[in-house]
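Single-structure report; data block below.
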Amino acid sequence: MLGTIADMMPLIDENKAMVNEGIKRINNSNVLGLRMLLDELGLTIKGIKDISFNIAPKINSLGRIGDASVAIDLLIQDDVDKIKSDIKALLDADTLRKELTIQNTDLAYKLINPNDNVILIYSPSFYEGVLGIIAQKVMKKTGKITGVFNVNQDNYARGSFRTIGDYNILEMLEKNSDLLDKFGGHEKACGVSMKASNIKELKERLSKEASSIMGVESTLDVSLSLNHSLITTSFMAELTKFDMQDTTFLFKDLSVVSTTLLAEKHTKVKAKLSTGAFVSIMVFNDARLSFNLSNGDLLDVVGELNINSFNGYDSLQIIAKDYKVSGIQVIDYRNRYDFKQAIEYFDKENGLILKDDFDNISDLNLLIQEQDPSIVYLAPIDNNKLDAIKVTDSKLLREAIYLVSLKYETNEIVLQKELKISKYLLNNILTIFEELNLITRNNGRVQNLPRERGTKVNLENSKTYQEFKSQNEVLSLMRSDINTIKKYVLEALE
């Protein structure tokens, strides 16, 4: 069971049978080292994910970093003191493995050429023990078949491949075995050994073959769409009873309540069901999602049900394999501190960032129609423009002209004090009055121009007033509540 999960074998037929039986037995295993490891981790195995995320990586780490025989010793040893020593070695190796993974992943991302059909990267700096982990991460980041190689001082390369969707990397390597000294694995993951001088040729051949399959979407097998009333711990217990804990379901219309970024790379979503209950959705190795959801978004998720045990409390969570947001999204970053961090994760292809810097509503309309976004991001508000909104405030304009009309002459400093407004705001108001021939200004002095009693003034005759009025339609909209803005965007797209 441990080996089947750790080596990412397909969970079908006899593999599934072995895994299901192993899950049933592991918590009462007669393997002392395994029981002590579970005690050390404070872990009760409830399902496959407990193995793939918590147990398998730690046992594998000794083969990647230290001496793999220590892991074997842990699983066959009966000496309690020796087992304790082996567990310490295992946990130390796992800590080092995590550190090396971070370092090597950073290097790998720098070597990616996004224009390649196949990502094949190599460096003497890659640590051989984590090549498979790095290949998996690069494959998920790029959505492309990936090979990562360590090249030693003798110009010999050892590497690990991971593939996407339904594409069989083992068959692809078999076709090019003349370039390889050794290779082995299965359809999803393979290891290879070869002369470094053959890497370029291998990349060209694989790229040529991959070009015929790139753009073809891979699919997930979904057993059925699960009604919200069945998303319960009792239903999960029934699944376990019938050996179905790895079943893939479609969960529709999960209403987003909140998102949390974990370890700078995973997204945890809290969602509300139609029953009123809540469920957690774990999306591993996808930091992007946490910056691309807002409260109330409806999420469709394909994934597995899983029991999460923490501090003695069991809760239900969905382990996502894929997801889709229903309808157009409007995500509010107007008052969020993390806009600069978040912008890195925005959907540049389908998204549109809206700022409050449009001169008029027509320009804003035109941009939305041209871009036709499925997701709209509201950028932080420029609070300096709050005064711009007040320039066309009729109450303030009446108060200002009244104060000016009280005397033949006054000055701007006095007016600013009496009106309790900024210099910027006063200057634009007085400009409007000038354009309407109500006043003259000279070196801070304001003179009231006489006019016939009862004469009405049309503010629209001021160019400055018209400009601010047009701009303020945009400013007012961008300061509206999220539902008003969403309605506006939808109408603009019709």
Least distance between heavy atoms, [X] atom then [Y] atom:
X	Y	result
D356	L475	O-CD2, 3.4 Å
R479	I381	NH2-CG2, 2.9 Å
L490	I328	CD2-CG2, 3.2 Å
A492	I368	CB-CG2, 4.0 Å
I119	N113	CD1-O, 3.6 Å
I164	G143	CD1-O, 3.3 Å

Looking only at atom types and distance, does a side-chain atom of [X] sit under 3.5 Å from a main-chain N or O of [Y], one as donor and one as acceptor?
X	Y	value
D297	S294	yes
R334	M478	yes
K144	P114	yes
T95	L91	yes
N176	M172	yes
N27	I45	yes
D363	F358	no
S207	E204	no
R35	S29	yes

Quiz item: Under the salt bridge (charged side-chain N to carboxylate O under 4.0 Å, His left out) rule, what pairs show up with a residue in residues 167-176, not counting sequence neighbours?
Solution: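 Sorted pair list: K175-E209.
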
Quiz item: Any salt bridge (charged side-chain N to carboxylate O under 4.0 Å, His left out) pairs touching residues 252-267, not counting sequence neighbours?
Solution: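 For residues 252-267, and leaving out neighbouring residues, the salt bridge (charged side-chain N to carboxylate O under 4.0 Å, His left out) pairs sorted by first residue read K252-D300.
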
Self-check item: Criterion side chain to side chain contact (heavy atoms under 4.5 Å, CB included) on I112 and T142, from CA distance to verdict
Solution: CA-CA 9 Å; I112 293 172; T142 62; 3.9 Å; yes

To the nearest 0.5 Å, how far apart are [atom1] in [X] and [atom2] in [Y]?
X	Y	atom1	atom2	answer
N60	L90	CG	CG	9.5 Å
T247	L305	OG1	CG	9.0 Å
I375	I331	CD1	CD1	3.5 Å
M18	I5	CE	CD1	10.5 Å
I319	I281	CD1	CD1	10.5 Å

Self-check item: Passing option when K82 is tested against D86, D79, D78 for salt bridge (charged side-chain N to carboxylate O under 4.0 Å, His left out)
Solution: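 Running salt bridge (charged side-chain N to carboxylate O under 4.0 Å, His left out) over D86, D79, D78 with K82 returns exactly one hit, D86.
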
Sort and list the pairs that fulfil ring-ring contact (aromatic ring centres under 6.0 Å, His included) and have at least one residue in [range], not counting sequence neighbours.
range	answer
residues 55-111	none
residues 274-304	F53-F284, H266-F284, F291-Y345
residues 127-166	F149-F161
residues 63-106	none

Exercise. Show your reasoning for whether side chain to side chain contact (heavy atoms under 4.5 Å, CB included) applies to I51 and V19.
Key: CA-CA 10 Å; I51 301 295; V19 167; over 6 Å; no

[X]: what forms a side chain to side chain donor-acceptor pair (under 3.5 Å) with it, not counting sequence neighbours?
X	value
R25	E21
K348	none
K88	D92
Y323	D286, R288

Check: [Y] and [X] side chains under 4.5 Å, non-hydrogen atoms:
X	Y	answer
V302	T248	yes
T163	N168	no
L493	P373	yes
V269	L289	yes
R64	I133	yes
I169	M139	no
L43	I55	yes
R97	K58	no

Practice problem: Start with the C-alpha gap between K84 and E40, add the side-chain angles, then the distance that decides, and say whether salt bridge (charged side-chain N to carboxylate O under 4.0 Å, His left out) holds. | Solution: CA-CA 9 Å; K84 287 180 179 177; E40 178 70 24; over 6 Å; no

Exercise. Sorted by first residue and then second, give each side-chain hydrogen bond (donor to acceptor under 3.5 Å, both in side chains) pair with at least one member in residues 269-280; sequence neighbours left out.
Key: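 Counting only pairs at least two positions apart or across chains, the side-chain hydrogen bond (donor to acceptor under 3.5 Å, both in side chains) contacts touching residues 269-280 are H228-S274.
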
Per-pair distances, 0.1 Å, donor-acceptor, side chain in residues 186-196, under 3.5 Å, sequence neighbours excluded:
| from | atom 1 | to | atom 2 | distance (Å) |
| --- | --- | --- | --- | --- |
| H186 | ND1 | K188 | N | 3.3 |
| H186 | NE2 | D7 | O | 2.9 |
| K188 | NZ | G165 | O | 2.3 |

Quiz item: If you count the non-hydrogen atoms of other residues, nucleotides and ligands that lie under 6.0 Å from CZ in F183, is the total more than 12?
Solution: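 Yes, the 6.0 Å shell around CZ holds more than 12 heavy atoms from other groups.
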
Quiz item: More than 12 foreign heavy atoms under 6.0 Å from NZ of K486: is that the case here?
Solution: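 Counting neighbours around NZ of K486, more than 12 heavy atoms of other residues, nucleotides or ligands fall under 6.0 Å, so yes.
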
Self-check item: Evaluation steps, side chain to side chain donor-acceptor pair (under 3.5 Å), between Y377 and D347
Solution: CA-CA 10 Å; Y377 306 94; D347 185 344; 5.5 Å; no

Self-check item: Sidechain N-carboxylate O distance under 4.0 Å for K98, D94
Solution: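 Counted as a salt bridge, because a side-chain N and a carboxylate O are separated by less than 4.0 Å.
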
Quiz item: Are N15 and D13 close enough, and set up right, to give a side chain to side chain contact (heavy atoms under 4.5 Å, CB included), and what steps lead you there?
Solution: CA-CA 5 Å; N15 287 350; D13 303 329; over 6 Å; no

Quiz item: Would R205 and D178 count as a side chain to side chain contact (heavy atoms under 4.5 Å, CB included) if you check the C-alpha gap in whole Å, the side-chain angles of each, and the deciding distance to 0.1 Å?
Solution: CA-CA 12 Å; R205 291 190 194 178; D178 59 303; 2.9 Å; yes

Quiz item: Do Y488 and N365 have side-chain N/O donor and acceptor atoms under 3.5 Å apart?
Solution: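 Distance-only check passes for Y488 and N365.
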
